[in-house]
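Scroll down for the structure; my scribbles are underneath it.
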Amino acid sequence: MRIGHGYDAHRFAAGRALVLGGVHIDHPLGLAAHSDGDVIVHAVCDALLGAAGLGDIGRHFPDSSPEFAGVDSRVLLRRVVALLEGQGLALGNLDVTVVAQAPRLAPHVHAMRDHLAADLHADPARVNVKATTTEGMGFTGRAEGIAVHAVALLVEP
Ligand SMILES: [Zn+2]
């Protein structure tokens, strides 16, 4: 089995939709990014690529490429999953921690989990998404942005 860790953070920006784990969330601010800014999916991609020894998301999908401007990040995740499957790797389990002062994410974590599991061709029971705050401390606490940690275990089925 192989383990990987992913971390990503994006800054809030006006005039953008907030998409987290493929869920469109009603919030006055979205996340600034070349893509749709889905910081959860980005951290998950990095955890998966890390576990497979395949570098990182920026190497596979450079933010200088017009191909990825405004892209649905789940498209990138599905490409990462195809790479893993090409190497004979499948998900053991995935654990995601979202650090956000606002908005409240608890009502959305099940939908996020289901999206991630679908893209990963995995049973939802193998995917966990949880949200926490930093009790007002740091950049996430000041609601300047959202950070995500992801840990993925890959197995050769
Ligand atoms: Zn990102």
Side-chain angles (χ1 to χ4, degrees), residues 2-84 89 91 93-106 108-122 127-134 137-154:
R2 310 179 60 133
I3 192 165
H5 171 259
Y7 172 80
D8 195 21
H10 283 258
R11 180 183 293 276
F12 277 121
R16 289 183 58 89
L18 181 62
V19 186
L20 293 173
V23 179
H24 289 252
I25 295 170
D26 188 26
H27 192 60
L29 301 170
L31 294 173
H34 185 64
S35 67
D36 66 0
D38 194 329
V39 62
I40 291 180
V41 170
H42 296 175
V44 168
C45 285
D46 267 350
L48 297 169
L49 290 167
L54 291 172
D56 61 43
I57 189 171
R59 188 175 110 195
H60 292 270
F61 314 111
D63 64 8
S64 54
S65 167
E67 182 189 354
F68 305 120
V71 71
D72 175 350
S73 294
R74 291 182 69 190
V75 170
L76 309 183
L77 174 57
R78 290 178 199 130
R79 286 213 212 170
V80 168
V81 171
L83 281 174
L84 302 183
L89 294 167
L91 187 74
N93 73 298
L94 170 69
D95 187 25
V96 178
T97 303
V98 188
V99 186
Q101 200 68 35
R104 213 174 99 72
L105 298 178
H108 305 290
V109 295
H110 284 102
M112 294 171 182
R113 177 201 64 188
D114 289 348
H115 288 154
L116 295 171
D119 293 344
L120 281 154
H121 306 148
V127 178
N128 191 67
V129 179
K130 56 199 183 298
T132 188
T133 72
T134 52
M137 296 180 287
F139 74 88
T140 53
R142 293 187 296 271
E144 293 170 8
I146 294 178
V148 178
H149 299 266
V151 177
L153 192 72
L154 299 180

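The chain is numbered in sequence order, starting from 1. Whatever order the structure lists ligands and atoms in, that order sets their numbers, starting from 1.
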Pairwise side-chain contact, Leu31 with Leu18, heavy-atom cut-off 4.5 Å (strictly under): yes
His60 vs Leu54 side-chain heavy atoms within contact, under 4.5 Å: yes
Which residue is it: His34, His149, His10? I am looking for the one with a ring pair (Phe, Tyr, Trp, His ring centres under 6.0 Å) to His42. His10
For N/O/S atoms only: which one belongs to His42 and is nearest the Zn ion (ligand 1)? ND1
What N/O/S atom of Asp8 is the closest to the Zn ion (ligand 1)? OD2
Does Asp38 bring an N, O or S atom to under 2.8 Å of the Zn ion (ligand 1)? no
Give a yes or no on whether His110 atom NE2 has more than 12 heavy-atom contacts from other residues, nucleotides or ligands under 6.0 Å away. no
